[in-house]
Structures are given as structure tokens and as C-alpha cells.
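Each remark here refers to the structure printed beneath this line.
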Amino acid sequence: MIRYPKHAGTFYPNTREELEIFFKEFENKKISVSINYDVSGAVVPHAGYIYSGYTAYNTYRNIFVKNKYKTVVILGPSHYVYFRGIAVWPEGKWITPLGEAIIDSESAQKIIDSKIFIEAPENHLKEHSIEVQIPFIQYLSPDSKILPLLVGEMEREKIREAGQLLSRTLLSTQKVLIVASSDLYHGYSYKECVETDRKTISRILEASPDKFLEESEKETIMACGETGIAILLYAVAEYLENPKAQLIHYTNSADVTGIKGGYVVGYAGIVIGG
């Protein structure tokens, strides 16, 4: 089963040469952060590389420089298809301009047995939130397999169960990184973007999934991949007694373009572990 790129040439370059130019430029301006623990999860943005690519690259780079993973699990929000639960891409490979990313089919089958995780590769075909993460992983951790998980509508208890299941079946049994693919604020106020993103990042850094969901339901914080972030937080909370989290990089589309008026989106790279 092969998934061909849908957004190469729009969200990111459609040739290896152009992608490598992006990554080399990011590397030349890299941010090195001291992470004094094993990283189990991360929040990484999924916008076009010209906007959020620098944040995403530095997040992955600071993780992979000291951590090696059998599999990178990617929780991406569904922007194009409505469904309930989590759609698993069960086997095969995903293609990008950098080549093939192999699916961890063994791990996929472990979680498909539950009622929350469903085998539904067709739900993935138009989505960008997972696809844009793959080239970073291929470039910086080429030996890692991937497990794409597209997140649909979910009730709060199911979100908790999903995180706990990922912890028991994957985090506790093998070297796995769980990535929640998410941008933050979306709206028309630069000031509101910065203020809201500050609150959202603070909640994530607390590593408390219940508190994060409570604030999200009150709409005092904002993230388009909020369900995936909550699943990640539940997974890490189940796996680690006192998880730690830290911000690697933050920006927003207005700061990137220098245009403070109009539509603005926030981007943060955060790591979680212990």
C-alpha cells in the first residue's frame, strides 16, 4: 500500500534538491537546545515550510541529535474528511521527494485491534498535516519507520483511552516518538495571536492533559491539532511519572513575513519526556 505525495510543490518543495536547500539553510541557522532527558513526544507545526519549516526543523533536530527511534508516530488533525476516531495507515510506505518512508505495520496492527483506532487509509489521501512532517523525519532520522494516525472527532474519554493505549502498546515496549502535528492560533489579530499562543504553550508545558482540554473547551487556548496534543499528553502522563516539557522555538506567520496585519497563524515546537 503506497501513499503518494499530495502537497509536494505547495506546502513544501517537490524535488529532493529543493528540499535539501531548505534544510541546509535551516541547519546554517540552527538552534541548539539542551534537553536533559529522553524525549517521548513533541508538538510540531504543519504549515508551509516557508512559514513553519524553521520551527519544525529545529524541533526535530534537537530531538534526533541525541535520541534514536524505531518509529515516529504522527497524530495529525483531519482538515478535509469528517469521521470519528483515529484513522490508521496500516502498512506499506509513504513517498516524498526524499524517497520512501516505511510504515511500522507491526505497531499499526497492535492498535487497530481497539475500537478507537480504525484501519482507514482512504481518510489520509488529501491530508497535509501528516505528510509535511515526513521529509523532516526522513532527512534527520532516516532509519526510523513511521506510523501515520489521522485524528477525527473524539469524545474526551476516548481521547484519554487513545493516549493510554499508545502508552501501553508502544511507548512502554519500544523506542517510539509520538508527534502531535499542530499549528496554534488562527485569526486576524497579531496581538491576540501572541497572547493566545503564550497561554496555549504554557498549558502544554504543564504536561497536564486534563487541564489542557479544560482550557481548550473554554476556548482560552487554541490549537488546530488540540485532540492530538491531548492524546500525546495522556500517553506521556501514562508512561512517565513526572513528565517534563520545554519550548524549542516559537514564531507566527506575521513575524515570518513581517506583515502584522491580516490573517495570522502561530507555530510552536515543544518536546516532552522524562
Side-chain angles (χ1 to χ4, degrees), residues 5-14 18-19 21-31 33 42-63 74-80 96-97 126-137 139-140 150-151 179-205 212 215-216 219-229 232 245-271:
K6 174 70 174 176
H7 299 282
T10 53
F11 276 75
Y12 62 98
N14 61 2
E18 290 175 301
L19 265 174
I21 289 172
F22 254 100
F23 293 152
K24 287 174 182 177
E25 289 179 353
F26 294 153
E27 181 66 24
N28 288 337
K29 300 176 182 178
K30 64 181 179 289
I31 299 168
V33 178
V43 178
V44 185
H46 57 231
Y49 283 16
I50 61 172
Y51 298 106
S52 66
Y54 182 74
T55 300
Y57 182 89
N58 278 285
T59 306
Y60 282 118
R61 184 189 179 281
N62 278 281
I63 294 171
I74 309 167
L75 294 157
S78 180
H79 292 85
Y80 306 93
T96 80
K126 295 181 179 180
E127 185 56 52
H128 67 271
S129 66
I130 295 175
E131 179 181 330
V132 299
Q133 306 291 347
I134 308 301
F136 294 107
I137 298 165
Y139 189 75
L140 293 167
L150 190 62
V151 181
V179 172
S181 176
S182 182
D183 297 335
L184 302 184
Y185 175 89
H186 292 60
Y188 289 91
S189 169
Y190 175 78
K191 180 181 178 182
E192 187 176 66
C193 173
V194 173
E195 292 175 351
T196 303
D197 285 348
R198 186 181 297 114
K199 294 176 185 176
T200 304
I201 292 167
S202 293
R203 294 292 84 75
I204 297 172
L205 294 179
F212 176 81
E215 294 295 320
S216 180
E219 299 184 351
T220 57
I221 62 176
M222 185 186 300
C224 66
E226 61 186 24
T227 304
I229 294 173
L232 165 62
Q246 67 189 92
L247 177 68
I248 302 299
H249 187 257
Y250 170 77
T251 191
N252 56 65
S253 58
D255 285 339
V256 171
T257 63
I259 301 171
K260 299 299 174 69
Y263 199 70
V264 59
V265 180
Y267 314 118
I270 299 171
V271 299

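Computation of the quantities below employed the complete heavy-atom set of this structure, encompassing side-chain atoms and omitting hydrogens, waters and symmetry-equivalent molecules.
Thr200 places a side-chain N or O within donor-acceptor distance of the main-chain N or O of Met222, the cut-off being under 3.5 Å. Without hydrogens or angle criteria, Ser181 side chain to Gly76 main chain gives no donor-acceptor distance under 3.5 Å. At distances below 3.5 Å, not a single donor-acceptor pair connects side-chain atoms of Asn252 with backbone N or O atoms of Tyr190. The backbone N or O of Ala56 sits nowhere less than 3.5 Å from a side-chain atom of Tyr267 that would complete a donor-acceptor pair. When atom types are taken as modelled, the side chain of Thr55 and the backbone of Gly269 share no donor-acceptor pair closer than 3.5 angstrom. The backbone N or O of Phe212 lies less than 3.5 Å from no partner atom in the side chain of Ser216, so there is not a single donor-acceptor pair. A distance-only check finds no donor-acceptor pair linking the side chain of Gln133 to the backbone of Ile74 [under 3.5 Å].
His128 approaches His79 most closely through the heavy-atom pair CE1-ND1, 3.6 Å. Closest approach of Lys126 to Tyr80, counting heavy atoms only: O-CE1, 3.3 Å. Contact detail for Leu150 and Glu127: the closest heavy-atom pair is CD1-CG, 3.5 Å. Smallest separation of non-hydrogen atoms from Tyr12 and Pro135: CE1-CG, 4.1 Å. Ala42 approaches Thr59 most closely through the heavy-atom pair CB-CG2, 4.4 Å. Residues Arg61 and Leu140 share a closest heavy-atom pair of N-CD1, 3.7 Å.
Taking the six-membered ring where tryptophan is involved, the planes of Phe26 and Phe23 are tilted, since the angle between them lies from 30° to 60°. Ring geometry for Tyr263 versus His186: interplanar angle over 60°, hence perpendicular rather than tilted (30 to 60°).
In this structure, CG on Asn14 lies 13.5 Å from NE2 on His7, to the nearest 0.5 angstrom. Residue Phe136 holds its CZ atom at 9.5 Å from CG of Asn58, rounded to the nearest 0.5 Å. Here the CD1-CD1 distance, from Ile31 to Ile248, works out to 8.5 Å after rounding to the nearest 0.5 Å. Taking CZ of Arg198 as the start and CG of Leu184 as the end, the distance is 13.0 Å to the nearest 0.5 Å. For the atom pair Thr196 OG1 and Ile201 CD1, the distance stands at 10.5 Å (nearest 0.5 Å).
Between Pro45 and Asp183, the closest side-chain pair of non-hydrogen atoms falls below 4.5 Å. The shortest distance between side-chain heavy atoms of Cys224 and His46 falls below 4.5 Å. Using a 4.5 Å heavy-atom cutoff, the side chains of Tyr185 and Glu195 are not in contact. Residues Lys6 and Glu131 are in side-chain contact: their nearest non-hydrogen atoms beyond the backbone lie under 4.5 Å apart. With contacts defined as side-chain heavy-atom distances shorter than 4.5 Å, the pair Ile204/Ile229 qualifies. Under the 4.5 Å side-chain criterion, counting only non-hydrogen atoms from C-beta, Thr96 is not in contact with Pro5.
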Apply side chain to side chain contact (heavy atoms under 4.5 Å, CB included) to the pair Leu19 and Tyr139, showing each step before the final yes or no.
CA-CA 9 Å; Leu19 265 174; Tyr139 189 75; over 6 Å; no
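Atom NZ of Lys30 has more than 12 neighbouring heavy atoms from other residues, nucleotides or ligands inside a 6.0 Å radius. Surrounding OH of Tyr51 are at most 12 heavy atoms belonging to other residues, nucleotides or ligands under 6.0 Å away.
Side-chain atoms of Glu27 and Tyr57 include a donor-acceptor pair closer than 3.5 Å.
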